[in-house]
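For reference, the structure is listed below as structure tokens.
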Protein chains: 4
Amino acid sequence: MMNRVVLVGRLTKDPDLRYTPSGVAVATFSLAVNRQFSNQQGEREADFINCVVWRKPAENVANFLKKGSLAGVDGRIQTRNYEGQDGKRVYVTEVVAESVQFLEPRNASGGGNRNDNEFYGAPPREPQGNPYGGGNQNQRPNNNQGFTRVDDDPFAGNGQIDISDDDLPF
Amino acid sequence: MMNRVVLVGRLTKDPDLRYTPSGVAVATFSLAVNRQFSNQQGEREADFINCVVWRKPAENVANFLKKGSLAGVDGRIQTRNYEGQDGKRVYVTEVVAESVQFLEPRNASGGGNRNDNEFYGAPPREPQGNPYGGGNQNQRPNNNQGFTRVDDDPFAGNGQIDISDDDLPF
Amino acid sequence: MMNRVVLVGRLTKDPDLRYTPSGVAVATFSLAVNRQFSNQQGEREADFINCVVWRKPAENVANFLKKGSLAGVDGRIQTRNYEGQDGKRVYVTEVVAESVQFLEPRNASGGGNRNDNEFYGAPPREPQGNPYGGGNQNQRPNNNQGFTRVDDDPFAGNGQIDISDDDLPF
Amino acid sequence: MMNRVVLVGRLTKDPDLRYTPSGVAVATFSLAVNRQFSNQQGEREADFINCVVWRKPAENVANFLKKGSLAGVDGRIQTRNYEGQDGKRVYVTEVVAESVQFLEPRNASGGGNRNDNEFYGAPPREPQGNPYGGGNQNQRPNNNQGFTRVDDDPFAGNGQIDISDDDLPF
DNA sequence: TTTT
DNA sequence: TTTT
């Protein structure tokens, strides 16, 4: 119905980039968003919000953001659940980013971001047949710098496989 | 830093109203927000988003919303964690509503909402001293229709006490 | 960089649907959004916010909304300017809706909205070549019920032609 | 009803700080927000969005932001109108910022922002009596560096006086 | 499992 | 009347 989230915060770690079996990029990261007011103990707390982003912007995130980077997210809240390792249902609430903006100033901490200090997600729904051109649909991507390398199965060795093509937001 | 959420959806159950030991009202509810696009199986899925609201708007929510009510929420994402029953940490991501709007039409399903079909939350940060006048700070509220009744301890019998005054957003 | 708007309010008039010379639908409407608090005179004021929506959702707006309809808008603020009738520059600030939701209850005021009480905008970027199928790109659309009829030039007789294909948000 | 705006962009000029006759601070500034996609000519356009902020955050804006500063705004769209110099009604659509965040890195361009690289607006609705303590209600503020100085009437010499205490959002 |  |  309506579901909109806007966040600005800092990555708590380097983003994690993976690929679904059919070759779609997906990056996950956690944003620390400092709260506006201090608590009763006078401390400034933060919320740690898990984010997911798909396709081209996933690769941008992996290439341009790292632990500590200031980033903006425009997206929506998603809930999902899966069978946990112990057989019980695990409930997840996270933010699916439709666009991510790099808010670090130019030539800061070794970035390399062209495009006027920002980049944006691909359109939430893809243009035509082969999304993101180049037939990268069913083959392994070959530029593997900057993210968790995967060989055949991007999720191999990942005990908790809870992201699949079914989670694609489009 | 920046943390803003806007939702429109329907309550999955009647809201749950409780009071902290010091007498502050807090309502929780879950909103089902239908997704914009159908999935690959052609089904329209929904996200089920847990919301919390404090003080006067908590009481409004309890009085005016029920299972199935269409409502709008303007707030922020909050994360917190507590020691689970089994001793392990439980992580929670939820929405703290700063204002809640009743979107059901006038004289729909037994509402009774005055104020031009809407009501709003109290200001996000409280003035000082005695919020919401009337010295309801340290005594039990006595209008108990429409919400989970509490006797002495609002959380009595609630095995999982993970909301306290410390969670007050101001 | 980041530009996000979410509104819920009521149409002040029936929406206005037109077509650009190349056949792209564009609807405009104004939303009255009641303010949260009364002013010093105790009156509840409203903001009257002009909105524009393109393509399929424009036609949905024309078909499903009318004066007084409760609607939600998710979009962004756009500013533009044009040469006024008196030769001076006119500045416009409006909301470009990416999706519009019909918030009126089912079978209310003669709607006819299927799809679980809501509809959404088309994807911000179009699927393939011919957007919205049917080759309506360069010909007049022929379902003219429910909106301002246009014959050859959709803006004919409209002294102030300030919307063209150049204003297309994608 | 619901009216929420989140922006990130750069100030097109130094902010303008004034005071109402009763001594309430109000700052105005314009944010250039680059659009996400280039237009058909391949240029990246921007929206220029006028913002208003009241009270303490107005003074923070005047003290910490200047032309070119990167800032985030969380607020709402407001429309108002006034009698123009030529006797005809002028319609204004602007953003009332409830909080403003300074997104420039620490020790950037001569800032001086403490508070962990950000500051926020005062609560949207004021406690009571004397807002922001210190009896600054009916007297001229005396720290006049960094903003348009005013002597007796903060709007003196301002041909277009269209902001008064009546425009206070609370 | 948390960022500046 | 526009910013990097």
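Side chains included, hydrogens not; waters and symmetry mates left out as well; all remaining heavy atoms used.
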Problem - Member of A/V33, A/V5, A/L31 meeting the side-chain contact (heavy atoms from CB on, under 4.5 Å) criterion with B/I77 - result: A/V5
Exercise for the section: Could you check whether A/G9 gets within reach of a base, just the sugar-phosphate, or nothing at all, counting any heavy atom under 4.0 Å? Expected result: nothing
Problem - Value in whole Å for how far the C1' atom of F/dT2 lies from CD of D/E45 - result: 13 Å
Problem - Nearest to side-chain heavy atoms of D/N50, which nucleotide of F/dT4, E/dT3, F/dT2 - result: F/dT2
Practice task
Could you state the atom-to-atom distance from CD of A/Q36 to P of E/dT4 in whole Å?
Solution key: 21 Å
Completion exercise
Separation of F/dT2 atom P from D/R35 atom CZ, nearest Å, is 15 Å
Problem - Minimum-distance nucleotide (side-chain atoms of B/Y91 versus E/dT1, E/dT3, F/dT1) - result: E/dT1
Exercise for the section: Could you check how far CZ of A/R10 sits from P of E/dT3, rounded to whole Å? Expected result: 12 Å
Problem - Pair C/R80 + D/E45: basic N to acidic O under 4.0 Å - result: no
Practice task
Check the distance between F/dT4's C1' and C/M1's CE and give it to me in whole angstrom.
Solution key: 6 Å
Completion exercise
From CD of D/E94 across to P of F/dT1 the rounded distance in Å is 19 Å
Problem - Whole angstrom value for the distance that separates C1' of F/dT1 from CG of D/L31 - result: 15 Å
Handout entry: Pair B/D74 + D/R4, salt bridge at N-O below 4.0 Å
Key = yes
Practice task
Using only heavy-atom distances, determine whether the side chains of D/N81 and D/R89 contain a donor-acceptor pair under 3.5 Å.
Solution key: yes
Fill in the blank from the handout: Taken to the nearest whole Å, CG/D/L103 to P/F/dT3 is 19 Å
Completion exercise
Regarding the side chain of A/T12, the nearest nucleotide among F/dT3, F/dT2, E/dT3 is E/dT3
Exercise for the section: Could you check whether A/K67 gets within reach of a base, just the sugar-phosphate, or nothing at all, counting any heavy atom under 4.0 Å? Expected result: sugar-phosphate
